[in-house]
There are 2 protein chains.
Amino acid sequence: MASSMNASAESTRNETEERLLDAALTLFASKGFAATSVREIIEATGVTRPVLYYYCDSKQDLFERVVRWKHDDAYKELDATISATRGVANRLQAIIRGTFAFCAADPRVPQLMFQTSFGPVVSELAEFLQAIAEIRFGIVANVMLEAIDSGELHGGDAHSLALLFCSIMDHHANALSRMPNPEHKLTPELADALVDAFLYGVSTGRRKTPQIPETL
Amino acid sequence: MASSMNASAESTRNETEERLLDAALTLFASKGFAATSVREIIEATGVTRPVLYYYCDSKQDLFERVVRWKHDDAYKELDATISATRGVANRLQAIIRGTFAFCAADPRVPQLMFQTSFGPVVSELAEFLQAIAEIRFGIVANVMLEAIDSGELHGGDAHSLALLFCSIMDHHANALSRMPNPEHKLTPELADALVDAFLYGVSTGRRKTPQIPETL
DNA sequence: ACACTTACTTAACGATCGGTAGGTTTCGTC
DNA sequence: GACGAAACCTACCGATCGTTAAGTAAGTGT
């Protein structure tokens with residue numbers, strides 16, 4: 001006892017609250033919303049149940065805070081790198097490198113994030129998660145739009161190309177973060193190679209322009 | 001009642017059992033394993049709870065049967081089309097067209113299938129689902145291996161290229177099957193365009209060969 | 001007539017779920 | 001040293017969970 005001489009007290013967030021969020025992140029990321037009980041979360045944190053409800057309104061509220069917490073970090077970084085970069089190749093490289101670095105640093109993040117877009121629908125959370133996902137997608141779609149307008153890209157509309165690029169990026173981030181040592185797999189080298197594959201394809205044969213139909 | 005004069009009575013499967021599996025598919029696909037209760041399943045089927053346990057050992061057993069049921073259908077079709085086709089472009093086209101058609105015919109299938117690989121880990125099911133996923137991936141990886149050996153593809157090893165292709169195919173199948181009217185979106189035209197994008201890229205600029213590092 | 005299987009029923013089991021009422025300690029402020 | 005807010009506790013709530021015991025009605029073979 002009396003061990004928590006925490007000098008920082010950064011922002012208004014308590015140390016207990018932080019541990020609660022962190023434990024919730026771990027469990028929600030690996031087991032999902034429905035399969036994770038508040039009892040598991042409080043046991044992992046080392047507090048009693050009313051403490052959790054002292055900091056959060058409900059299990060759902062806790063989940064949303066965990067998602068927003070990590071998503072906001074990722075989103076800010078992404079937005080900053082894009083406005084500091086010119087040219088579609090460089091921008092896509094920045095996006096995917098940043099995403100990989102973020103996911104490699106904490107594999108729980110992609111595991112949480114992607115289960116919300118690929119996993120089962122949690123009806124209470126659907127609206128909230130939809131909005132979160134659209135922010136991210138919108139950023140990429142904007143990059144594509146500018147690149148089409150400037151003649152750097154072709155083969156589909158901005159939405160289709162964004163979906164294609166996010167396919168590649170997200171699927172790799174997701175799949176590799178679930179394997180052992182994701183930090184050795186989600187490398188800048190892989191990121192760059194995937195951008196090249198997106199831009200130039202992997203065929204040895206003569207070039208041909210894809211015509212992706214509008215998906216929206 | 002008495003409306004279901006189903007002539008087939010195929011195999012040994014009872015009509016009640018079939019309805020049970022179908023209701024389970026609907027619910028597991030949309031809400032996931034943990035969030036779906038056996039009570040919901042039996043209510044949707046219109047039977048009592050012991051009937052479910054008459055046909056299945058447990059909730060887990062029911063889930064595995066539902067997954068195997070649909071997966072086996074998809075897998076057989078896939079395997080057949082590949083061995084009947086030559087050349088990587090044609091084979092990939094056959095794979096993705098078949099997958100899209102299968103997903104468009106019943107959007108519950110991809111929703112169930114992908115939540116098992118991208119969704120939260122259900123520890124009791126992890127091993128079973130891992131094996132299922134590897135069958136599918138292995139088929140694609142084999143196609144890539146042959147195409148690399150024959151000099152049709154470059155830019156990475158078979159495993160990496162399979163991961164890249166599955167990224168594109170699976171993500172589109174998943175995302176579009178969750179939108180309204182998936183049957184109008186998961187079209188052969190989209191399938192073909194995605195194969196082209198995989199092979200030739202979407203850049204207007206000069207060609208360049210990607211070098212995807214090994215991810216395994 | 002009897003046994004046996006198939007396809008169900010009603011009624012309940014213990015365990016766990018999310019959430020809370022109400023009391024206690026700690027601590028800065030006046 | 002009185003006082004309220006913040007941070008926590010014990011103990012319990014009703015609801016729902018997966019699962020089962022025990023019984024029944026209808027057919028089927030002998």
Side-chain angles (χ1 to χ4, degrees), chain A residues 1-25 27-28 30-67 120 122-125 128, chain B residues 1-2 4-6 9-28 30-67 120 122-125 128:
Chain A
M1 44 202 84
S3 66
S4 56
M5 290 292 287
N6 205 323
S8 71
E10 103 107 45
S11 83
T12 58
R13 195 168 276 165
N14 197 314
E15 193 229 318
T16 304
E17 188 178 2
E18 198 106 34
R19 277 176 30 235
L20 219 35
L21 280 170
D22 196 74
L25 171 57
L27 286 160
F28 282 142
S30 77
K31 308 181 42 169
F33 179 76
T36 301
S37 69
V38 303
R39 282 167 166 86
E40 290 175 293
I41 298 170
I42 61 107
E43 270 162 31
T45 313
V47 298
T48 58
R49 221 160 334 120
V51 173
L52 185 146
Y53 287 97
Y54 177 76
Y55 289 106
C56 318
D57 292 342
S58 62
K59 183 189 177 185
Q60 179 180 339
D61 176 55
L62 176 58
F63 184 86
E64 292 183 6
R65 282 158 81 132
V66 169
V67 171
V122 184
S123 58
E124 315 98 274
L125 301 168
F128 165 74
Chain B
M1 38 196 87
S4 53
M5 289 294 289
N6 205 324
E10 101 109 46
S11 86
T12 58
R13 196 168 276 164
N14 197 314
E15 194 230 316
T16 304
E17 187 178 2
E18 198 105 33
R19 277 176 29 235
L20 218 35
L21 280 169
D22 196 73
L25 170 57
T26 303
L27 286 160
F28 282 142
S30 77
K31 309 180 43 171
F33 179 77
T36 300
S37 69
V38 302
R39 283 167 168 84
E40 290 175 294
I41 297 170
I42 60 106
E43 272 162 30
T45 313
V47 297
T48 58
R49 232 166 313 128
V51 173
L52 186 147
Y53 286 97
Y54 176 75
Y55 289 107
C56 318
D57 292 343
S58 63
K59 182 188 178 186
Q60 179 179 339
D61 175 56
L62 176 58
F63 184 87
E64 291 183 8
R65 282 160 80 133
V66 169
V67 171
V122 184
S123 57
E124 314 100 274
L125 302 168
F128 165 73

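Heavy-atom basis, side chains included; hydrogens, waters and symmetry copies ignored.
Sequence order on DNA chain D of the closest nucleotides to A/R39 and B/F33 puts A/R39 first from the 5' end. For the pair A/P50 and B/V47, both in contact range of DNA chain C, the more 5′-proximal nearest nucleotide belongs to B/V47.
C/dA7 atom P lies 15 Å from atom CG of B/L52, rounded to whole Å. If you take CD1 of B/I42 and P of C/dA7, they are 18 Å apart, rounded to a whole angstrom. Atom-to-atom, CG of A/L27 to P of C/dC17 comes out at 12 Å; the value is rounded to the nearest Å. With rounding to whole Å, B/K59 atom NZ is found 15 Å from C/dT16 atom P. To the nearest angstrom, C1' of D/dG18 lies 11 Å from CD1 of B/I41. Look at CG on A/D57: it is 9 Å from P on C/dT20, rounded to the nearest Å. In this structure, NZ of B/K31 is placed 13 Å from C1' of D/dC17, rounded to the nearest angstrom. Protein atom OH of A/Y54 is 13 Å distant from nucleotide atom C1' of C/dT25, rounded to whole Å.
Among the nucleotides D/dT20, C/dG18, C/dT6, the one closest to any side-chain atom of B/Y53 is D/dT20. In this structure, of D/dC8, C/dG18, C/dT6, it is D/dC8 that holds the atom nearest to the side chain of A/Y55. The listed nucleotides are D/dT10, D/dC17, C/dT10; the one nearest the side chain of A/T48 is D/dT10. Picking from D/dG18, D/dC9, C/dC17 the nucleotide with the shortest atom distance to the side chain of A/V51 gives D/dC9.
Contact annotation: A/T16 side-chain N/O to D/dA7 OP1/OP2 distance is not under 4.0 Å. The side chain of A/N14 places no N or O atom within less than 4.0 Å of a non-bridging phosphate oxygen (OP1 or OP2) of D/dA6.
The minimum heavy-atom distance between A/L62 and A/C56, with the atom names listed, is CD1-SG, 3.7 Å. For the residue pair A/L27 and A/T36, the shortest heavy atom distance occurs at O-OG1, 3.3 Å. Among all heavy-atom pairs drawn from B/L20 and B/V51, the shortest one is CD2-O, 4.3 Å.
A/R39 and A/E43 are not joined by a salt bridge, as no carboxylate oxygen comes within less than 4.0 angstrom of a charged side-chain nitrogen. The pair B/E17-B/R65 meets the salt-bridge criterion, with a side-chain N (NZ, NE, NH1 or NH2) lying under 4.0 Å from an Asp/Glu carboxylate O.
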